[in-house]
> 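The structure under discussion is supplied below as structure tokens; questions concerning it will follow.
For the numbers below, each heavy atom of this structure counts, side chains included, while hydrogens, waters and symmetry mates do not. None of the values given here were measured: they were computed from a predicted structure. In what follows, chains are A, B, ... by sequence order, proteins preceding strands, each numbered from 1.
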There are 2 protein chains.
Amino acid sequence: MKKGEMKKQAHIESMKHYILENGLTKASLRNLAKASGTSDRMLLHYFQDKEDLMTEVLQAITQDLIDLLKANQTEPLPLNVLVPHLGKMLKEPAVKPYLRLWLELMAEASKKEEPYYSAARKIAASFKAFYREVLLVQKEESKEKMDALALVMVEGLVLMDALDFDEDINLALQALSK
Amino acid sequence: MKKGEMKKQAHIESMKHYILENGLTKASLRNLAKASGTSDRMLLHYFQDKEDLMTEVLQAITQDLIDLLKANQTEPLPLNVLVPHLGKMLKEPAVKPYLRLWLELMAEASKKEEPYYSAARKIAASFKAFYREVLLVQKEESKEKMDALALVMVEGLVLMDALDFDEDINLALQALSK
DNA sequence: CAATTTATGTAGCGGTTGCTACATAAATAA
DNA sequence: TTATTTATGTAGCAACCGCTACATAAATTG
């Protein structure tokens with residue numbers, strides 16, 4: 001890899017962390033530049049424009065999240081074990097920044113704003129792939145449906161978690177195990 | 001009601017519609033002023049500052065949404081009928097703006113930003129109240145849990161709908177009726 | 001070494017943001 | 001009618017935003 005390309009990748013690395021900690025709203029070129037020890041001028045040297053930059057950084061963040069999911073992959077579990085387990089994971093400090101960013105991404109995605117809509121769909125698709133691998137089901141013919149159910153439920157838990165509706169999270173999880 | 005107060009309420013009415021159509025991001029004082037035929041200068045005459053203004057407008061929108069929920073209140077339905085029914089409602093053009101705004105609100109709420117966090121919690125609480133009235137359950141002792149489950153599921157559906165993951169919505173709903 | 005490409009600084013443009021200072025006109029209260 | 005409160009206009013400030021023009025220094029390539 002060329003020297004310039006390496007610097008670009010290093011900047012992407014710094015910006016990833018900045019965005020995870022500070023969100024999309026704070027992600028101005030000047031702020032991102034400061035966070036990676038350079039100038040907005042230089043960022044626009046490495047990237048065509050801000051959309052191009054965000055596309056690359058969001059792609060990198062997406063990949064990290066996918067890796068993180070794969071790393072935490074146990075053997076397949078049934079729905080009423082897997083979903084509560086993921087429900088607990090939402091509380092972990094390492095996960096929280098991803099959830100905040102996920103919701104910010106979703107807000108943009110719901111307006112079909114690019115590159116956010118595409119990034120969000122890609123992430124959701126990787127969630128689906130995750131459930132496909134890690135959700136255990138009794139009747140094989142209902143696998144797809146249960147995957148979708150897990151996806152929908154965990155997304156719902158994410159929203160409730162953002163509002164600190166912990167009681168409802170627990171109640172919903174109890175309803176599931178019944 | 002005094003004359004000034006009436007004008008203020010009229011402005012709130014206009015701003016409600018503007019925000020529902022255009023989202024929080026576009027809701028600058030100048031844009032809101034234009035949308036209700038006045039100037040930013042005048043808005044800051046009626047409201048202390050932008051946060052005060054947003055608090056009042058979001059409160060009004062919340063009330064509208066609550067009224068809308070109450071209006072569409074049928075007799076109590078079981079979970080596997082109610083949730084699919086609400087799933088269909090997400091597609092309705094009259095509802096879409098509320099969903100977009102809801103997600104935008106949630107993105108702010110997840111950062112504990114005021115007045116958004118409080119507004120979002122209030123709206124979610126009214127959702128809970130809605131399920132309390134309209135969800136039919138067999139075993140009375142599991143009512144709370146089923147209410148929470150409905151809440152979580154429909155929120156999950158909202159997220160998936162924003163990404164146009166219609167297939168997964170349908171699959172999840174099928175998993176539910178089984 | 002010369003020519004060319006890549007890297008970086010400085011400065012600024014035209015736009016937006018929330019908000020304010022200073023003015024005056026209009027409505028209301030005494 | 002006079003005094004006081006309320007309404008409204010005009011203008012601008014300081015801080016941001018993405019982006020660009022113009023310069024030069026440094027590295028790479030022929």
> Atom CG of Asp40(B) and atom C1' of dT16(C): how far apart are they, to the nearest Å?
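Atom-to-atom, Asp40(B) to dT16(C), this comes out as 12 Å.
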> Give the B/S/- string for nucleotides 21-26 of chain D, one per nucleotide from 5' to 3', where a protein heavy atom under 4.0 Å of the base yields B, of only the sugar-phosphate yields S, and otherwise -.
BB----
> Could you tell me whether Glu140(A) and Lys143(A) make a salt bridge, using a distance below 4.0 angstrom between a side-chain N and a carboxylate O?
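Salt bridge between Glu140(A) and Lys143(A), a charged N being under 4.0 Å from a carboxylate O: no.
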> Quick check: are there more than 12 heavy atoms from other residues, nucleotides or ligands sitting under 6.0 Å from CD of Glu144(A)?
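Atom CD in Glu144(A) is not crowded, with 12 or fewer foreign heavy atoms closer than 6.0 Å.
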> Would you jot down, in residue-number order, the residues of residues 103-114 of chain B having a non-hydrogen atom under 4.0 Å from DNA chain D?
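Contacting residues: none.
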> In this structure, are over 12 heavy atoms from other groups packed under 6.0 Å from Glu167(A) atom CD?
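For Glu167(A), atom CD is not crowded (no more than 12 foreign heavy atoms under 6.0 Å).
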> Within a reach of under 6.0 Å around NZ of Lys34(A), are more than 12 heavy atoms found that belong to other residues, nucleotides or ligands?
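Counting other residues, nucleotides and ligands, NZ of Lys34(A) stays at 12 neighbours or fewer.
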> Is the shortest side-chain heavy-atom distance between Gln174(A) and Asn170(A) below 4.5 Å?
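Yes, side chains in contact.
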> Less than 3.5 Å apart, any donor N or O on the side chain of Thr25(A) or Lys111(B) sitting next to an acceptor on the other?
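A donor-acceptor contact under 3.5 Å links the two side chains.
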> What's the closest nucleotide to the Met42(A) side chain, out of dA7(C), dA7(D), dC19(C)?
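Of all the options, the side chain of Met42(A) is nearest to dA7(C).
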> Which heavy-atom pair separates Arg100(B) from Glu21(B) by the least distance, and what is that distance?
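In terms of heavy atoms, the two residues are closest at NH2-O, 3.8 Å.
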> Hey, does Leu24(A) have a side-chain heavy atom less than 4.5 Å from the side chain of Leu105(A)?
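Yes. Closest side-chain heavy atoms under 4.5 Å.
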> If the threshold is 4.0 Å, N to carboxylate O, is there a salt bridge linking Glu133(A) and Lys70(A)?
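Here Glu133(A) does not pair with Lys70(A) in a salt bridge, since their nearest N and O are not under 4.0 Å apart.
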> With sequence neighbours excluded, tell me which residues meet ring pair (Phe, Tyr, Trp, His ring centres under 6.0 Å) with Tyr46(B).
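Partners of Tyr46(B) under the ring pair (Phe, Tyr, Trp, His ring centres under 6.0 Å) test: His11(B).
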> Could you give the CE-to-P distance, from Met6(A) to dT6(C), as a whole number of Å?
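Value for this atom pair: 18 Å.
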> When you check the side-chain N and O atoms of Gln9(B) and Glu5(B), is any donor under 3.5 Å from an acceptor?
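The answer is yes; a qualifying pair exists.
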> Identify, residue by residue, the members of residues 11-38 of chain A with a heavy atom below 4.0 Å from DNA chain C, and return them in order of residue number, or none.
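The answer is Arg30(A).
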> Heavy atom of residues 45-52 of chain B under 4.0 Å from DNA chain C: which residues?
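Heavy-atom cutoff 4.0 Å gives Asp49(B), Lys50(B).
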> Between Leu151(B) and Phe130(B), does a side-chain contact (heavy atoms from CB on, under 4.5 Å) hold up when you go through it step by step?
CA-CA 9 Å; Leu151(B) 177 67; Phe130(B) 174 73; over 6 Å; no
> Does atom NZ of Lys96(B) have more than 12 heavy-atom neighbours from other groups under 6.0 Å away?
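For Lys96(B), atom NZ is crowded (more than 12 foreign heavy atoms under 6.0 Å).
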> Is Lys91(B) salt-bridged to Asp161(B), cutoff N-O under 4.0 Å?
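Result for this pair is yes, salt bridge flagged.
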> Roughly, in whole Å, what's the span from CG in Leu44(A) to P in dT8(C)?
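The distance from CG of Leu44(A) to P of dT8(C) comes to 14 Å, rounded to the nearest Å.
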> Toss me the dot-bracket line for DNA chain D: Watson-Crick and G-U wobble, both under 3.5 Å, 5' to 3', using | for pairs to another strand and [ ] for crossers.
||||||||||||||||||||||||||||||
